[in-house]
2 protein chains.
Amino acid sequence: MGATLQTVADQVGVSRSTVSNAYSRPDQLSPELRARILAVAERLGYPGPNPSARSLRRGKVDAIGVLLTANLSMAFRDPYAVAYLRGLAEAAEQRKTSLLLIPLPHNDQEGALDAVRNAAVDAFCVYCVPDWFKALEIINFRGLPVVGGEDPAITGQLSGEVGFVGIDERKAARRLAAHVAALGHRRVALIGHWITDTSVTGPVDVHPDELRYYVSGERVRGFRDALVAAGVDLADVVLINAAENDRLVGAEAAGHALDRQDRCTAILSTSDVLALGVLDALAVRGLRPGRDVSVTGFDDIPEAAAVGLTTIRQPSVERGRIAGELLLDPPADPQARHRVLPTTLVVRATTGPINQESSS
Amino acid sequence: MGATLQTVADQVGVSRSTVSNAYSRPDQLSPELRARILAVAERLGYPGPNPSARSLRRGKVDAIGVLLTANLSMAFRDPYAVAYLRGLAEAAEQRKTSLLLIPLPHNDQEGALDAVRNAAVDAFCVYCVPDWFKALEIINFRGLPVVGGEDPAITGQLSGEVGFVGIDERKAARRLAAHVAALGHRRVALIGHWITDTSVTGPVDVHPDELRYYVSGERVRGFRDALVAAGVDLADVVLINAAENDRLVGAEAAGHALDRQDRCTAILSTSDVLALGVLDALAVRGLRPGRDVSVTGFDDIPEAAAVGLTTIRQPSVERGRIAGELLLDPPADPQARHRVLPTTLVVRATTGPINQESSS
DNA sequence: ACCGCTCTCTGAATCGATACAGTACCCGTC
DNA sequence: GACGGGTACTGTATCGATTCAGAGAGCGGT
């Protein structure tokens with residue numbers, strides 16, 4: 001109970017340094033002595049160097065902090081986040097680095113920020129964290145390297161070592177909406193995750209330039225760009241806030257678009273998860289996706305292919321892997337620390353030409 | 001750069017202790033002084049108490065280590081593991097505790113064990129880690145609390161504070177195999193994850209009592225129990241090892257069972273993920289699941305319902321949540337630290353009565 | 001016999017914070 | 001005016017390791 005380096009050193013009759021070396025620098029002492037030390041350590045029940053003490057002295061903990069979504073357990077519901085995490089884990093695994101998943105409790109901004117302040121890590125990986133959550137500032141204040149996938153403008157202001165791996169959100173969204181507009185849709189609903197609020201799901205009346213959460217905001221702005229370019233009257237575009245990135249919430253949001261007299265003919269969501277909920281909502285009302293109402297998602301999670309969802313594909317596992325690599329082996333060239341990955345428009349069955357009959 | 005408690009203390013003109021209190025025990029000093037201290041700290045760029053130093057002194061890090069599958073990134077491929085992790089994250093989140101995902105690199109036993117030795121955590125949660133990986137021993141040696149879901153016999157030998165949350169693997173497997181036997185199947189193949197080897201997928205000739213990985217071993221033994229009870233000749237039972245818990249590997253393993261002249265009429269796998277691969281293998285060969293060959297899985301992941309897979313349902317999110325609760329709020333009563341959760345046989349379309357025509 | 005070199009091992013300084021006993025002072029009370 | 005009881009802050013010991021300059025020994029070469 002409570003054996004330390006010193007205890008072992010005293011027993012063996014060598015200095016503490018030597019015992020330390022036995023564990024951390026085997027080449028610094030003779031193999032025989034090392035064997036003797038380890039044997040005594042085992043006998044005394046010495047569990048090896050205390051990790052906290054070691055990292056205090058070394059100034060390094062071999063772990064990177066992961067900030068995933070506003071709320072950790074939520075992240076495990078989103079297949080895209082899981083895939084991202086997998087890529088991150090692959091990169092970390094190869095470099096013997098642990099991943100510290102930091103809890104971000106709901107309804108406790110201050111507590112969440114404390115968690116970021118107190119995390120024992122060498123760097124941070126931030127994914128899908130809303131702008132109003134001041135995590136980046138704290139990380140910056142701590143002077144730790146960080147890789148994010150959000151607003152490049154914000155990360156550009158940080159002083160520490162910063163990386164970026166993401167996509168051109170707005171451009172991809174534009175491509176998707178252009179496809180929908182080209183099919184003839186003119187009355188459209190846009191469902192955006194967290195664009196105004198994290199507590200209420202429903203229609204909102206905000207100018208797209210004032211949307212809050214960067215990722216969704218850019219996607220919605222991209223949608224609008226394309227719709228305007230196609231000559232759609234913005235008065236016919238309904239904007240709906242989704243309080244969570246969740247299938248049930250997606251269905252609820254879709255309800256607000258479907259249960260009104262001038263029903264829209266297309267619903268664009270800022271994520272596949274929400275779009276799956278939209279499809280549920282259609283099913284409940286006996287509407288056919290791609291015929292009565294066109295539906296699109298974003299991300300291209302595996303289930304999207306299964307249900308034939310038209311969406312934007314963005315790299316998932318690879319994105320996580322690159323994030324990990326940027327943190328663990330930062331390229332000298334700052335240019336190389338800013339990676340914009342390609343996206344693809346994937347057209348499937350949930351989008352189709354406007355149906356004269358039911359849109360009348 | 002490099003500001004510490006002392007730096008701040010000197011600037012403000014108070015003692016180091018007081019600055020420490022300003023952060024960790026606000027009730028120990030006047031609000032005015034605290035405000036002044038925090039202001040100076042901010043100005044000096046002091047990022048708050050160093051997490052390593054704090055945890056060294058406190059003897060606590062507010063993190064629990066997670067050992068997930070032999071290989072971390074693999075865990076994110078298994079929907080069951082992800083669900084488990086979600087439950088764990090929920091429990092951790094409520095108690096402001098972080099989750100340290102520990103990398104367990106392939107082909108590096110020693111490195112993996114070091115990772116367990118060096119992890120800065122207060123406790124461990126072990127899930128689906130094979131017996132031959134001596135992680136439990138190390139954790140025990142470190143004297144940290146642990147909750148596992150594997151072999152209760154092993155965990156029973158540990159001296160530290162130990163919890164268990166799992167299911168009666170063998171009983172559940174028995175129920176499943178009894179269902180298959182009752183449908184008339186007599187030539188059966190069993191696919192087991194890691195039952196002999198982690199490098200080769202294919203038929204093996206081992207007595208079930210000598211299988212390696214506890215979870216799969218128990219499941220296979222349960223299968224055999226029921227088959228024997230139903231009068232099946234064990235000579236007609238093929239045992240196939242799966243080198244990974246992976247869909248592709250499942251398909252490969254199934255190939256070994258299907259591409260032989262005395263083709264089996266039922267294939268039982270130790271996990272849903274493997275069973276999905278088995279279904280792929282059937283599809284490739286133009287065989288109908290539930291008609292030509294009956295197929296079963298284990299776990300009841302969401303996709304199982306989608307494809308109509310007969311399987312055993314076991315709690316996933318709940319299992320993770322309970323594991324977290326046992327670690328973070330250990331019940332005083334040792335009995336309550338051993339939780340065996342219920343399982344259900346879920347019969348769907350992939351099992352059916354033996355088909356006279358194609359089994360002849 | 002002496003130089004220089006490698007190989008092992010030692011000692012002191014250091015990493016940055018927290019716990020706890022203790023001091024100083026103020027205020028009200030009998 | 002002595003005393004009890006708070007409140008606000010300080011000082012010191014301590015958590016457990018790593019680092020690095022350097023000491024001493026052994027050894028081949030000249």
Side-chain angles (χ1 to χ4, degrees), chain A residues 1-38 40-41 44-62 114 117-122 141-144, chain B residues 1-38 40-41 44-62 114 117-122 141-144:
Chain A
M1 186 84 87
T4 73
L5 272 192
Q6 189 69 67
T7 325
V8 178
D10 292 348
Q11 272 290 318
V12 182
V14 295
S15 78
R16 177 163 72 243
S17 318
T18 302
V19 180
S20 173
N21 284 335
Y23 284 92
S24 311
R25 300 213 212 151
D27 55 313
Q28 294 294 301
L29 68 165
S30 64
E32 304 79 50
L33 179 56
R34 181 171 127 95
R36 222 171 84 225
I37 290 176
L38 295 182
V40 173
L44 293 178
Y46 175 65
N50 176 306
S52 294
R54 159 177 283 183
S55 59
L56 168 60
R57 187 64 244 247
R58 287 199 172 159
K60 197 166 177 301
V61 296
D62 289 323
D114 275 342
R117 258 186 284 266
N118 298 331
V121 297
D122 301 321
F141 197 63
R142 286 186 61 179
L144 295 176
Chain B
M1 188 84 88
T4 72
L5 272 191
Q6 189 70 68
T7 324
V8 178
D10 293 347
Q11 272 290 320
V12 182
V14 295
S15 80
R16 176 162 73 244
S17 315
T18 302
V19 180
S20 172
N21 285 335
Y23 283 93
S24 312
R25 296 210 215 154
D27 56 313
Q28 295 293 300
L29 38 68
S30 64
E32 304 81 51
L33 179 56
R34 181 170 127 94
R36 220 170 86 222
I37 291 176
L38 295 183
V40 172
L44 293 178
Y46 174 67
N50 176 308
S52 295
R54 160 178 281 184
S55 59
L56 168 59
R57 187 62 245 248
R58 287 201 172 157
K60 196 163 177 303
V61 296
D62 290 323
D114 275 343
R117 256 185 285 266
N118 298 330
V121 297
D122 301 322
F141 197 63
R142 285 186 60 178
L144 295 177

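Below, chain A is the first sequence line, B the second, and so on; all start at residue 1.
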Checklist outcome for this item: With sugar-phosphate taken as primed atoms, P, OP1 and OP2 and all else as base, the protein-contact string of nucleotides 15-22 of chain C at under 4.0 Å (heavy atoms; B, S, -) is BBBBB---
Checklist entry - Excluding sequence neighbours, so at least two apart, what forms salt bridge (charged side-chain N to carboxylate O under 4.0 Å, His left out) with B:Asp10? => result none
Checklist outcome for this item: One would report the end-axis bend of the helix from C:dA1-D:dT30 to C:dC30-D:dG1, five pairs per end and rounded to 10 degrees, as 50°
Item to check | Non-hydrogen side-chain atoms of A:Arg57 and A:Ser20 separated by less than 4.5 Å | outcome: no
Checklist entry - Got a sec, which residues hit side chain to side chain donor-acceptor pair (under 3.5 Å) with B:Ser17, two or more places apart in sequence or on another chain? => result none
Item to check | CA sep, side-chain torsions, deciding dist, call: B:Thr18, B:Val12, side chain to side chain contact (heavy atoms under 4.5 Å, CB included) | outcome: CA-CA 10 Å; B:Thr18 302; B:Val12 182; over 6 Å; no
Checklist entry - Can you tell me if the side-chain N/O atoms of A:Ser15 get under 4.0 Å from OP1 or OP2 in C:dT10? => result yes
Item to check | Rounded interatomic separation in angstrom, taking CZ from B:Arg34 and P from D:dT7 | outcome: 18 Å
Item to check | With sequence neighbours excluded, residues passing salt bridge (charged side-chain N to carboxylate O under 4.0 Å, His left out) with B:Arg16 | outcome: none
Next on the checklist: Can you tell me which residue among B:Leu29, B:Thr7, B:Val14 is in a side-chain contact (heavy atoms from CB on, under 4.5 Å) with B:Val19?
Outcome noted: B:Val14
Next on the checklist: Which residues pass the ring pair (Phe, Tyr, Trp, His ring centres under 6.0 Å) test with B:Phe141, not counting sequence neighbours?
Outcome noted: none
Next on the checklist: Any side-chain N or O of B:Thr18 below 4.0 angstrom from OP1/OP2 of D:dC9?
Outcome noted: no
Item to check | Spacing of OG belonging to B:Ser55 relative to CG belonging to A:Asn118, to within rounding of 0.5 Å | outcome: 10.0 Å
Next on the checklist: Just the rounded figure in Å: distance from C1' of C:dT8 to CG of A:Asp27.
Outcome noted: 12 Å
